[in-house]
Colleague: 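Let me give you the structure first, and then I'll get to my questions.
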Amino acid sequence: MDKYEKVRCVGRGAFGVCWLCRDKNDASKVIVKLINTHEMSEKDDKYIQSEVNLLKKVQHPLIIGYIDYFTIENQLAIVMQYAEGGTLERLINEQRVIKDNNMKEHFPEKTVLEYFTQILIALDHMHSKHIVHRDLKPQNILMNRRKTILKLSDFGISKELGTKSAASTVIGTPNYLSPEICESRPYNQKCDMWSLGCVLFELLHLERAFEGENLPAIVMKITQGKLKPMGEHVSNEVKSLVNTLLKTNEKSRPDVSDLLVDPIVLPYLISIHCDLGRLEAPTTDKRKPSASLSSRLRTYPTQSTLRAHSYSSITPSATQHLTPTPSSIESGFFSAGRSTGLNSRTQSRIQVPQTKYDQYH
Ligand SMILES: Nc1ncnc2c1ncn2[C@@H]1O[C@H](COP(=O)(O)OP(=O)(O)OP(=O)(O)O)[C@@H](O)[C@H]1O
């Protein structure tokens, strides 16, 4: 811990305490998650080790980066990127308060779709590495200070699928669990698509898709696919996106590659891609955005600037110019969409949101 100076405790989870720390070398802020290993079983120990190994492999601008880990006085310290904006759960709660006071309504659909697309891109990266998150929920989605960039976090219960297409351990937080996990059936990446559907529903409605008095009641609703009715403010296209993600039969659910070329998602994807250029995964020890990346990591309206965007159409030829390139595929940005390509119907419908972009922090 010599390298880091504790600033304040930012939260506690099932396994440990998260401290905001300052790196004594360069004064950069990091999160140090301290996990007590004193009474930890061998099984738990292995579990944490696998978490660390997973984090090592995941390097992406939309995923909380792992920096270092070490042990200190019966504690395992995991050093990771700091997300100043807190969790998506907090943002939703704040918006809900605003709504309840009748001061402001739901997030604009465009904002929701922009957030949704960022999560999709991060999942694409994970799924392309055969990693399933399994615990995707607003508490595990962190944000930059301006609430413009989302970063998936907490791979604590994620598991690398390796060559197997499904795993069979039942874990996760009930409200976002997929039916196959609830029913202890084998599952694969499609369980993240279900959770993504739950997150999308919650962003649209500021309430959870599946709720109940107790665990069995929640599980019953999930396995029966008893989704709350969607609001009038949600467009039919987005309603059908939610419905397709929340198909109880996982085989009927789309995977990331299907959605990355969906006409609803594509404009946002292109907008992100245009702005970022080629995504760069951090390659140095310091898992914070590089100067060039941070100057380019700009995106989306924030909660405080929620407003309608103006849209401009771009021509199919311009779109062709923006289709995934080998370099963008390599970067993981379009990896799931590589085999699908764009069709003329999709191209003719593409519109790119014109947004004011902010810097990363
Ligand atoms: N990288 C981070 N940047 C900023 N805040 C963080 C970061 N990681 C965690 N936090 C904060 O610390 C809290 C605890 O995080 P932690 O990952 O330990 O547990 P959790 O995800 O809330 O729960 P569980 O351990 O059950 O999965 C989070 O809710 C979040 O507010």
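Any value given below was found using the heavy atoms of this structure, including those in side chains, with hydrogens, waters and symmetry copies removed. Both ligands and their constituent atoms are indexed starting at 1 by order of listing.
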Colleague: Give a table of atom pairs where an N or O of ligand 1 lies under 3.5 Å from a protein N or O.
Modeller:
{"from": "ligand 1", "atom 1": "1 (N)", "to": "Gln81", "atom 2": "O", "distance (Å)": "2.8"}
{"from": "ligand 1", "atom 1": "3 (N)", "to": "Ala83", "atom 2": "N", "distance (Å)": "3.0"}
{"from": "ligand 1", "atom 1": "17 (O)", "to": "Lys33", "atom 2": "NZ", "distance (Å)": "3.2"}
{"from": "ligand 1", "atom 1": "21 (O)", "to": "Asn140", "atom 2": "OD1", "distance (Å)": "3.4"}
{"from": "ligand 1", "atom 1": "21 (O)", "to": "Asp154", "atom 2": "OD2", "distance (Å)": "2.6"}
{"from": "ligand 1", "atom 1": "25 (O)", "to": "Ala14", "atom 2": "N", "distance (Å)": "2.8"}
{"from": "ligand 1", "atom 1": "26 (O)", "to": "Ala14", "atom 2": "N", "distance (Å)": "3.4"}
{"from": "ligand 1", "atom 1": "27 (O)", "to": "Asp154", "atom 2": "OD2", "distance (Å)": "2.6"}

Colleague: Does the separation of the ring centres of Trp194 and Phe210 fall below 6.0 angstrom?
Modeller: yes
Colleague: I need the single residue from Val238, Leu204, Val234 that forms a side chain to side chain contact (heavy atoms under 4.5 Å, CB included) with Val112. Which is it?
Modeller: Leu204
Colleague: Considering only residues two or more places apart or on different chains, which pairs with a residue in residues 220-255 satisfy ring pair (Phe, Tyr, Trp, His ring centres under 6.0 Å)?
Modeller: His106-His233, His205-His233
Colleague: So does Lys228 pair up with Glu211, basic N to acidic O under 4.0 Å?
Modeller: yes
Colleague: Using a distance-only test with no angle check, is there a side-chain donor-acceptor pair under 3.5 angstrom linking Glu109 and Ser235?
Modeller: yes
Colleague: Can Glu94 and Lys147 be counted as an ion pair, charged N to O under 4.0 angstrom?
Modeller: no
